[in-house]
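Here the structure is a predicted model, which means the values were calculated and not measured. Chain A is the first sequence line, chain B the second, and so forth, proteins listed ahead of strands; every chain is numbered from 1.
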Amino acid sequence: MRDSLIIVGCFAVGIILSLSGVLPEGIDFSKWTEYMLYLLLFCVGLGLGMDKGFMKAIRYHSPHSLLLPFTTIFGTLAGACAAYLFILLVFKRPPIILLDAVSATAGYGYYSLSSVMLAEPRGPQVATIALVGNMLREILTLLLAPLIYKCFGPYALISSGGATSMDTTLGVCVKNCGSEFAPLSIYHGFFLTAAVPFIITLLLSLY
Amino acid sequence: MLWLILTLFIGFGAGLLLRGRVKLPTGTITLISICLLLFFLGMEIGSDKELISNLPTMGLTSLIVSVGGILGSSVLAKVLSIIIQRNKARKAQNSAGNGKEAIR
């Protein structure tokens with residue numbers, strides 16, 4: 001939770017700084033965002049490579065529970081389609097098309113990567129929805145963890161965390177489901193983190 | 001896009017090589033790089049006047065989309081857990097019924 005607050009804080013400072021007009025004009029921030037994305041991906045890879053735990057953890061779960069990342073992928077896509085019906089009801093002129101809604105949720109909580117990947121091909125509007133939507137997925141999972149666990153069970157709580165089930169939301173998963181679900185949670189998060197770039201690339205090819 | 005995925009693999013390889021040799025606070029390094037990324041993304045969004053004026057619409061859309069994603073994945077995960085439970089029960093039943101089957 002503390003990390004999420006720091007991250008949201010950095011995001012807010014960036015917005016406020018550029019809105020206040022203190023910065024000199026004509027700087028291409030999108031280039032900098034891209035460089036930072038490379039740095040982030042290198043760091044994530046480094047962290048996964050140095051982590052001994054998760055390779056071992058993957059082995060001792062029943063074969064069926066290894067399907068959890070797939071149910072998360074397809075459940076989220078179906079949920080996004082349902083949510084789009086709701087958007088059509090709320091807005092007279094929907095701000096995005098169906099495929100945008102699906103692509104935005106395909107970050108599975110991995111907001112930094114998904115928003116930057118969508119920024120160039122789909123524009124800042126979709127990138128913002130991907131960013132805020134995926135951040136909300138993480139924040140809502142953290143806040144509503146006991147409720148999700150109570151209504152849908154342990155698998156759903158891990159699933160709700162999406163790609164963040166291996167780091168940010170791992171704490172609430174273990175706290176609510178028990179430590180025996182930690183390996184599954186890490187495996188699920190790792191799988192989705194690795195899958196996000198592929199799924200978004202696939203969805204972008206459908207436009 | 002290919003370079004992004006390649007960067008991830010290069011990092012993973014570097015991590016494998018470094019594993020057990022040095023201790024790096026990878027969590028903190030990742031957090032710092034996320035913060036830098038989000039800071040620049042904030043600057044990019046803040047300098048986009050049209051986007052800022054649309055923020056209420058964007059916020060509501062994001063909320064609807066993310067709740068849809070959470071609910072959709074939760075329901076399907078519930079279905080998976082029911083299947084897992086049923087399989088476990090069947091297995092338990094089979095092993096309990098093994099004696100009878102042997103008599104038949």
Side-chain angles (χ1 to χ4, degrees), chain A residues 3 6-7 10-11 13-15 17-19 29-30 32-33 36-50 64-65 67-68 71-72 74-76 78-80 82-83 86-87 95-96 101 104-105 112 124-125 128-129 132-133 136-137 140 148 152-153 155-156 159-160 197 201, chain B residues 1 3-5 7-19 24 26-27 29-31 33-48 51-52 54 57-81 83-84 87:
Chain A
D3 290 355
I6 295 173
I7 291 163
C10 285
F11 181 55
V13 169
I15 292 183
L17 261 183
S18 66
L19 279 180
F29 292 117
S30 61
W32 280 93
T33 318
M36 292 305 135
L37 182 63
Y38 281 108
L39 178 68
L40 172 68
L41 277 181
F42 180 78
C43 292
V44 169
L46 192 70
L48 291 175
M50 290 184 78
H64 280 91
S65 59
L67 292 174
L68 189 61
T71 66
T72 304
F74 291 110
T76 303
F86 207 72
I87 289 173
I96 50 172
T105 53
S112 46
Q125 195 160 322
T128 310
I129 291 173
V132 181
L136 280 172
R137 179 165 188 159
L140 289 176
I148 297 169
F152 299 102
Y155 292 99
S159 192
S160 169
T201 308
Chain B
M1 206 53 64
W3 284 105
L4 284 179
I5 295 163
T7 311
L8 185 71
F9 279 113
I10 292 169
F12 188 74
L16 284 179
L17 285 176
L18 290 173
R19 183 195 282 182
L24 284 177
T26 48
I29 298 172
T30 311
L31 180 65
S33 64
I34 292 175
C35 286
L36 282 171
L37 176 68
L38 272 268
F39 175 71
F40 282 105
L41 203 60
M43 298 245 251
E44 199 185 326
I45 289 169
S47 56
D48 193 324
L51 185 70
I52 288 297
N54 283 338
T57 320
M58 295 291 104
L60 184 60
T61 311
S62 309
L63 183 68
I64 295 171
V65 160
S66 72
V67 169
I70 289 178
L71 280 180
S73 60
S74 292
V75 168
L76 217 55
K78 179 76 187 170
V79 173
L80 181 69
S81 77
I83 292 172
I84 291 173
N87 263 17

Could you walk me through whether A:L17 and B:F39 pass the side chain to side chain contact (heavy atoms under 4.5 Å, CB included) test, one step at a time? CA-CA 10 Å; A:L17 261 183; B:F39 175 71; 3.7 Å; yes
Which atom pair, heavy atoms only, marks the closest approach of B:N87 to A:H64? ND2-CE1, 2.7 Å
Residue pair B:S66, A:T105: steps toward the side chain to side chain contact (heavy atoms under 4.5 Å, CB included) verdict: CA-CA 7 Å; B:S66 72; A:T105 53; 6.0 Å; no
Considering residues at least two apart in sequence or located in another chain, which fulfil the ring-ring contact (aromatic ring centres under 6.0 Å, His included) criterion with A:F11? none
Compare all side-chain heavy atoms of A:F86 with those of B:V67 and state whether any distance is below 4.5 angstrom. no
Compare every heavy atom of A:C43 with every heavy atom of B:I29, then report the nearest pair and how far apart it is. CG2-SG, 3.4 Å
Drop me the distance from B:M43's CE to A:W32's CH2, to the nearest 0.5 angstrom. 9.5 Å
Heavy-atom distance under 4.5 Å to chain A: side chain of B:L17, backbone, both or neither? neither
Checking B:I84 against A:S65 for the side chain to side chain contact (heavy atoms under 4.5 Å, CB included) test, could you report, in this order, the C-alpha distance in whole Å, the side-chain angles of both residues, the deciding distance, and whether it holds? CA-CA 7 Å; B:I84 291 173; A:S65 59; 3.9 Å; yes
Sub-4.5 Å side-chain heavy-atom contact between B:I70 and A:I148: yes
Let me confirm one number: the OG-OH distance from B:S74 to A:Y155, rounded to the nearest 0.5 Å. 14.5 Å
Heavy-atom cut-off 4.5 Å, strictly under: side chain, backbone, both or neither for B:L18 against chain A? both
For A:S159 and B:A77, which heavy atoms make the closest approach, and how far apart are they? CB-CB, 3.8 Å
When you look at B:S73 and A:T71, which way does the side chain to side chain contact (heavy atoms under 4.5 Å, CB included) test go after all the steps? CA-CA 7 Å; B:S73 60; A:T71 66; over 6 Å; no
Rounded distance [0.5 Å steps], CG in A:L136 versus CD1 in B:I64: 11.5 Å
Taking every non-hydrogen atom, the tightest pair across B:F40 and A:M36: CD1-CG, 3.7 Å
Minimum-distance pair of heavy atoms, taken over all atoms of B:C35 and A:C10: CB-SG, 3.4 Å
Do you know which of B:T61, B:I83, B:L24, B:L71 has the most heavy-atom pairs with chain A at a distance under 4.5 angstrom? B:T61
Contact part of B:I10 toward chain A, heavy-atom cut-off under 4.5 Å: side chain, backbone, both or neither? both
Considering only heavy atoms and a distance below 4.5 Å, find which of A:I15, A:L46, A:L67 pairs most often with chain B. A:L46
CD1 of A:I129 to CE of B:M58, rounded to nearest 0.5 Å, is 4.0 Å
Option that, when pairs with chain A are counted at under 4.5 Å, heavy atom only, ranks first among B:G72, B:G11, B:S81: B:G11
Determine the minimum heavy-atom distance between B:G46 and A:S18, stating which atoms define it. CA-OG, 3.0 Å
Side chain to side chain donor-acceptor pair (under 3.5 Å) for A:R137 and B:S62? Distances and angles first, verdict last. CA-CA 9 Å; A:R137 179 165 188 159; B:S62 309; over 6 Å; no
Comparing A:A78, A:P95, A:A104, A:A82 against chain B, the one with the most heavy-atom pairs below 4.5 Å turns out to be A:P95
